[in-house]
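Predicted model, so just to flag it, every value in this text is computed and none were measured.
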Number of protein chains: 2
Amino acid sequence: MARHSNRSTSFDVAALAGVSQSAVSRAFTPGSSIAEETRQKVYEAARKLNYVPNSIASSLTTKRTNIVALIIGNMANPFYSHVLHAFSQKLQEQGRQVLIFTVDPGAESDEAILHVLKYQVDGVILTAAQLSTRMTSMCHDRGIPIVLFNRYIPGSDASGVRCDNAAGGRLIAEAFLAAGAKNFAMITGDPKGSTSQDRVRGFVERLQEEGVRRSDITEVGGQSSYEGAFNAALGIFRDKDRSRPEALFAINDIMAMGAIDALRYRLGLRIPEDLMVAGFDDIPEGRRAPYQLTTVRQPINQMIDATLSILNLDDPSSGIEPGIDQPISGRLIWRNTIPVPAGHRWETGKEEAARADTGSSK
Amino acid sequence: MARHSNRSTSFDVAALAGVSQSAVSRAFTPGSSIAEETRQKVYEAARKLNYVPNSIASSLTTKRTNIVALIIGNMANPFYSHVLHAFSQKLQEQGRQVLIFTVDPGAESDEAILHVLKYQVDGVILTAAQLSTRMTSMCHDRGIPIVLFNRYIPGSDASGVRCDNAAGGRLIAEAFLAAGAKNFAMITGDPKGSTSQDRVRGFVERLQEEGVRRSDITEVGGQSSYEGAFNAALGIFRDKDRSRPEALFAINDIMAMGAIDALRYRLGLRIPEDLMVAGFDDIPEGRRAPYQLTTVRQPINQMIDATLSILNLDDPSSGIEPGIDQPISGRLIWRNTIPVPAGHRWETGKEEAARADTGSSK
DNA sequence: GTGAAAGCGCTAACAG
DNA sequence: CTGTTAGCGCTTTCAC
């Protein structure tokens, strides 16, 4: 049987129901004026023919595909697979679907954008990937709203939604300081990405305010991955020349997990006794028993809502706002990879609180 | 600025280039007969106008959207996020994109299919979700190929690609037996899913062949999730009435990880000394230092290739094959959660071998 | 409330 | 090789 043999159209349904084709269209368009009686006739005919409206065809006239492109640069980091899941769910609830575009981590997504454009998507969300200003303006020109999730292009007119990464970096520095650390190490992510840069910057700034010298802060790249951080950690702590850091900040949780495993299983270090560690993101994986990671929570649901609201999918006539970029602040979640300083009263990151804004958004 | 203000069409390009509109169409259609010179003229005009062909419009005539629907029921299991990533990458290489449909784990995906149909996708891949035979035949009727990934509907005409789960279950049983276990426990997944059922069946069958009584095999549901298995493990091993199992089979790796953490961190058990554990899937996460999970590797790249080949996206005229269902066998990856039986020569699951077919498919 | 008719942006014969 | 001409399946005026 050849494909597309019997895909029935609104004309077929119209014929069967004894109405005009436009009546069929109306029957399936919420809010259009049609008598309940005719609508039922149409529905019955449609059911008989297994008719499903062709939304591709309708988008030709409506100029809306109900498809949102999600460009994602690092599916290996669970943080982003949770983000993807959350977006997909929320969008589905509004009758839209996510079209995925994967790009290599750290790669330019300019080429991807070109493909995105072909599909006439209603909006695009870009996460964990680079993008040139030229591309954002191409989207703007065609009236396609684009928002950078957890990323921004300095000096661009593209909107961005992100956690206040610099402030988060400061929070971690603060925690280390309170716990008495004097020597520090960082495992950084994508050196070109603003996310990693900002976290690093905040962290270092806060440390420097307390008189820590930059030379007392070791810095190694971990490629934003578990494996990369695993090796990076080995590199830092094997090096006998340096005085051993007492505190390690991995700029995201998945790297913190990799570092912790390397430290424990390869180097036999105890955490936090021998070394304190912190991450960033607060992915559910970091909350698990072996890690109990102290971290900064990204307010993911808030960020997603903000993204969707900037996209403003419901009102295509609204036009594109000039880029807005309001960082949302995260908060420190205190678990077990930094010793609680004596006499210090920290907000605890116990599970009651932990559920507040994270994970599934349902 | 209102959206869709200036999306230029092939007519605009044609006018600027001084050719007919069909020439523009040809210029962007690989393999169509057009003079190199005119093609260049068209390209130049297109560039000036920022023209990108509207693939939605073209699909109206070609009957191909270059979109493949992926219905996914359990994004929380890393196995499936790896699967998603792999599909997306491979499909992208062929110039196609993945449209995501998330359904609640274990839920019927019948409603999702209805939405899929609207988008006129070229094919659908269904993973970790239930589907009625009625829906598969609806797809068949309209000539949309559908393949069930790691799932099958007994007695259905839908094609399926899966690991030989029953055989895999037997492999685990075999390993436990070789290591001298006498009492067993299982943590199962979605009770309605064939995947969990088959793994359990193979496991139990093999055990029974060796004279193990069904009553010596404890069975608890773990909801296919880390957390579910964490709690399930606690339930099994807290119960003082039962003689404590010596071997625990979690029917997927993510549950094995949850169980291991519960056992170690809550109950203080050592693995494999106090209890041996095995999983299924061979997700990269299970290879990490804290787990070193003995498991059955799903030949994910083979499975993906098989799926794509059944979908046969390149040849829409071919018609849909009557359901085929050829399980691909997985192999046991021996790591550290089952003690290696003395004198037994097992194929080791060291990393050289581990890279053979798994993870990124690049 | 309903039908007729004109497109949406593109591809696919069909002549030339 | 190139232009002309029909549509693809649907939405949307516009009369009635």
Side-chain angles (χ1 to χ4, degrees), chain A residues 3-42 45-46 49-66 117-122 142-143 316-317, chain B residues 3-42 45-46 49-66 117-122 142-143 316-317:
Chain A
R3 296 187 189 177
H4 314 114
S5 34
N6 40 12
R7 232 171 270 205
S8 42
T9 75
S10 53
F11 279 94
D12 302 330
V13 177
L16 215 192
V19 297
S20 76
Q21 179 274 333
S22 24
V24 177
S25 174
R26 292 193 182 99
F28 285 96
T29 306
S32 67
S33 66
I34 184 174
E36 187 51 34
E37 188 191 0
T38 38
R39 161 169 276 141
Q40 290 310 329
K41 269 197 302 195
V42 170
L49 296 173
N50 271 335
Y51 169 77
V52 175
N54 179 337
S55 70
I56 291 298
S58 70
S59 66
L60 209 50
T61 27
T62 59
K63 267 87 176 62
R64 317 241 69 211
T65 51
N66 291 318
L117 260 21
K118 292 194 309 194
Y119 286 97
Q120 313 293 118
V121 300
D122 294 344
R142 2 190 99 229
S317 62
Chain B
R3 296 189 189 177
H4 313 115
S5 35
N6 41 11
R7 231 171 273 207
S8 42
T9 74
S10 52
F11 279 94
D12 303 331
V13 177
L16 213 191
V19 297
S20 76
Q21 180 273 335
S22 27
V24 178
S25 173
R26 291 191 184 103
F28 285 96
T29 307
S32 67
S33 67
I34 183 174
E36 188 52 34
E37 188 191 359
T38 39
R39 162 169 275 146
Q40 290 310 330
K41 270 196 302 193
V42 169
L49 296 174
N50 271 335
Y51 170 77
V52 175
N54 179 337
S55 69
I56 290 298
S58 71
S59 67
L60 208 49
T61 27
T62 59
K63 266 87 176 67
R64 317 241 69 209
T65 51
N66 291 318
L117 261 21
K118 293 194 308 193
Y119 286 97
Q120 313 293 117
V121 300
D122 294 343
R142 2 190 100 227
S317 61

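Within residues 14-24 of chain B, the residues that have a heavy atom under 4.0 Å from DNA chain C are, in order of number, B:Q21, B:S22.
Contact annotation: B:Y119 does not reach the phosphate of D:dG9 (side-chain N/O to OP1 or OP2, under 4.0 Å). Residue B:S10 places at least one side-chain N or O closer than 4.0 Å to OP1 or OP2 of C:dC10. For A:K63 and C:dG9, the shortest distance from a side-chain N or O to OP1 or OP2 is below 4.0 Å. In terms of phosphate contacts, A:S25 brings no side-chain nitrogen or oxygen within less than 4.0 Å of OP1 or OP2 of D:dG9.
Comparing atom distances between the B:S33 side chain and each of D:dT2, C:dG9, D:dC10 picks out D:dT2 as nearest. You'll find that the side chain of B:T61 is closest to C:dT11, out of C:dT11, C:dT2, C:dC8. Of the candidate nucleotides D:dC1, C:dA13, D:dC8, D:dC8 has the atom nearest to the side chain of B:L60. Listed nucleotides: D:dT11, D:dC1, D:dC10. Nearest to the side chain of A:T29: D:dT11. Closest to the side chain of B:F11, out of C:dA12, C:dC10, C:dC8, is C:dC10. Ranking C:dT2, C:dT11, D:dC1 by closeness to the A:I34 side chain, first place goes to C:dT2.
Listed for the A:S10 side chain is no donor-acceptor partner under 3.5 Å among the backbone atoms of A:V24. Not a single donor-acceptor pair under 3.5 Å links the side chain of B:S22 to the backbone N or O of B:S25.
A 4.5 Å side-chain heavy-atom check between A:N54 and A:T9 finds every atom pair outside the cut-off. A:R142 has its side chain within reach of B:V52: a pair of non-hydrogen atoms, C-beta onward, lies under 4.5 Å apart.
More than 12 heavy atoms of other residues, nucleotides or ligands sit less than 6.0 Å from atom CD of A:E36.
One can place NZ of B:K41 at 11 Å from C1' of D:dT2, the figure rounded to the nearest angstrom. Rounding to whole angstrom units, CZ of residue B:R64 and C1' of D:dG9 are separated by 18 Å. The interatomic distance linking B:N54 (CG) with C:dG9 (P) rounds to 8 Å, in whole Å. The separation between A:R26 atom CZ and C:dG3 atom P is 8 Å, rounded to whole Å. One can place CZ of B:R39 at 10 Å from P of D:dT2, the figure rounded to the nearest angstrom. The CG-C1' distance, from A:D12 to D:dC8, rounds to 13 Å in whole Å. Straight-line distance from the CZ atom of A:F28 to the P atom of D:dC10: 9 Å, rounded to whole Å. In this structure, B:N66 places its CG atom 11 Å from P of C:dT11, rounding to the nearest Å.
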Using side chain to side chain contact (heavy atoms under 4.5 Å, CB included), reason through A:R7 and B:K63 one step at a time and then give a plain yes or no. CA-CA 11 Å; A:R7 232 171 270 205; B:K63 266 87 176 67; over 6 Å; no
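Here the closest non-hydrogen pair linking A:T29 and A:R39 is O-NH2, 3.9 Å. Here the closest non-hydrogen pair linking B:A46 and B:F28 is CB-CZ, 3.8 Å. When all heavy atoms of B:T65 and B:Y119 are compared, the pair lying nearest together is CG2-O, 3.8 Å. Between B:S59 and A:I56, the closest heavy-atom pair is OG-CG2, 3.4 Å.
Comparing the end axes of the helix from C:dG1-D:dC16 to C:dG16-D:dC1, each fitted to five base pairs by superposing C1' atoms of four pairs onto the next four, gives an inter-axis angle of 30° (nearest 10 degrees).
Residue B:T38 is classed as a sugar-phosphate contact, given heavy-atom separations below 4.0 Å to backbone atoms only.
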